[in-house]
Amino acid sequence: MKPLCWMGNGDLLGYQGDFIVRCGKAGGFTRTARLPLPGIKRFLGHVRLASRILRVEPRVALEISPDCILLAWQRAVFAIDLSANSIIKVQEARAGFSDPLAISNGNGYVLAVWGDYGANNDAESVNIYGLNSMREVVILHTFPAGTVRHVHNVVRRQRGGYYIFTGDMETASGIYLAREDFATVEPIATGDQRFRAVRGFDTSAGLIYATDSATTENHVFLLDEDASCSPVDIGAINGPCIYGGECSSGYLFTTTVEPDESLSGIRSLLSRRLGPGVKTRESQVLLAKSDAGLVEISRFEGDALPMKLFQYGSLQIPMGTAPEGQVVAFARSLRKCDGRLVEIGSGKL
């Protein structure tokens with residue numbers, strides 16, 4: 001099973017065998033909605049290597065009410081009613097883009113927020129979207145064409161508003177500050193790979209985030225927007241970070257095994273060469289706290305298959321806050337555990 005998100009009542013929602021499944025905190029396993037894959041893709045999705053190539057699994061999910069989630073999957077965002085087992089497509093990805101890399105809780109003005117994500121080869125404008133109380137998708141902000149490549153994540157701030165993470169290279173990489181209603185969106189740290197991030201968490205000490213660069217060494221930083229926006233280096237990590245999550249002990253970041261971004265075409269698809277910013281062929285699990293340093297929890301070795309074709313080696317932590325003692329992740333392209341739910345940091349978190 002691929003774990004997708006923790007629900008408010010402690011249940012874990014996941015994906016298995018075409019279905020969204022619900023695992024109760026007291027035990028038990030219930031199938032809910034079945035995802036509408038076409039026949040041949042549904043068949044191939046049950047073959048592990050084929051499912052990796054075809055990207056059959058949902059990307060991310062987020063609880064927006066006790067019986068409803070938003071799901072990013074197959075170049076679209078879906079609202080799934082878990083009690084009625086109904087699926088409604090609320091947004092189709094624009095041409096040149098894919099499904100969003102992350103969906104985050106709103107601050108009240110909207111239920112959830114996300115942004116355009118994908119290749120954007122034509123350097124088109126990039127939107128940030130929100131789901132309102134009527135379950136309608138609205139455009140909250142638009143970056144003009146040529147400004148950013150895409151949006152990695154929109155992170156809710158404790159003091160209201162949001163941080164926006166954009167990518168990918170130099171001027172397009174940045175952290176922006178948005179008001180609650182997105183009436184203003186201003187850059188606070190841009191133009192440097194130190195500000196290229198996907199996962200981050202707003203804390204009382206500032207914004208904790210991990211960088212996501214296959215070309216330069218990666219770090220976990222603490223950024224205080226009231227202190228001239230100069231990031232404090234909490235510690236180096238062994239590769240780019242796409243995934244992370246919250247647990248009772250602090251904030252988790254996991255690294256990905258990524259290829260050299262300088263390659264293109266068929267060489268890019270088939271290469272096993274690591275990017276310059278990827279130190280080892282391992283996915284590293286790290287714990288950060290706002291008042292302490294960075295602690296390595298564990299490492300998982302990547303497999304030997306080409307990374308771009310068969311997906312990066314990674315540990316994807318479900319959205320939401322994990323109950324104490326139940327920190328799990330989905331292992332992808334990792335030796336001995338690919339395609340499985342794994343426990344991480346047992347006894348250390």
Side-chain heavy-atom pair [X], [Y] within 4.5 angstrom cut-off:
| X | Y | answer |
| --- | --- | --- |
| N218 | T255 | no |
| V278 | N238 | no |
| S283 | T256 | no |

Examine the side chains of [X] and [Y] and answer whether a donor and an acceptor come within less than 3.5 Å of each other.
| X | Y | result |
| --- | --- | --- |
| N120 | E124 | no |
| T32 | N85 | no |
| R194 | T211 | no |
| S314 | Q316 | no |
| Q91 | W114 | yes |

Query raised in the report: Among the clusters formed by ILVMFWY side chains lying less than 4.5 Å apart, do W73 and V77 turn up in the same one?
Result: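 No; V77 is not reachable from W73 via cluster members.
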To the nearest 0.5 Å, how far apart are [atom1] in [X] and [atom2] in [Y]?
| X | Y | atom1 | atom2 | result |
| --- | --- | --- | --- | --- |
| Q311 | D303 | CD | CG | 10.5 Å |
| L62 | M319 | CG | CE | 5.5 Å |
| S173 | D212 | OG | CG | 8.5 Å |

Quick one: do [X] and [Y] make a salt bridge, cutoff under 4.0 Å?
| X | Y | value |
| --- | --- | --- |
| K308 | E258 | no |
| D338 | R332 | no |
| E261 | R196 | yes |

Report task. Among Y163, F221, Y251, find the residue that satisfies the ring-ring contact (aromatic ring centres under 6.0 Å, His included) test when tested with F201. Result ->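 By the ring-ring contact (aromatic ring centres under 6.0 Å, His included) criterion, F201 pairs with just one of Y163, F221, Y251: Y251.
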Query raised in the report: Taking the six-membered ring for Trp, are the ring centroids of F182 and Y109 within less than 6.0 Å of each other?
Result: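 For F182 and Y109, the ring centres are not under 6.0 Å apart.
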Query raised in the report: Any chance the rings of H150 and Y117 have centres within less than 6.0 Å?
Result: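 Yes; Y117 has its ring centre under 6.0 Å from that of H150.
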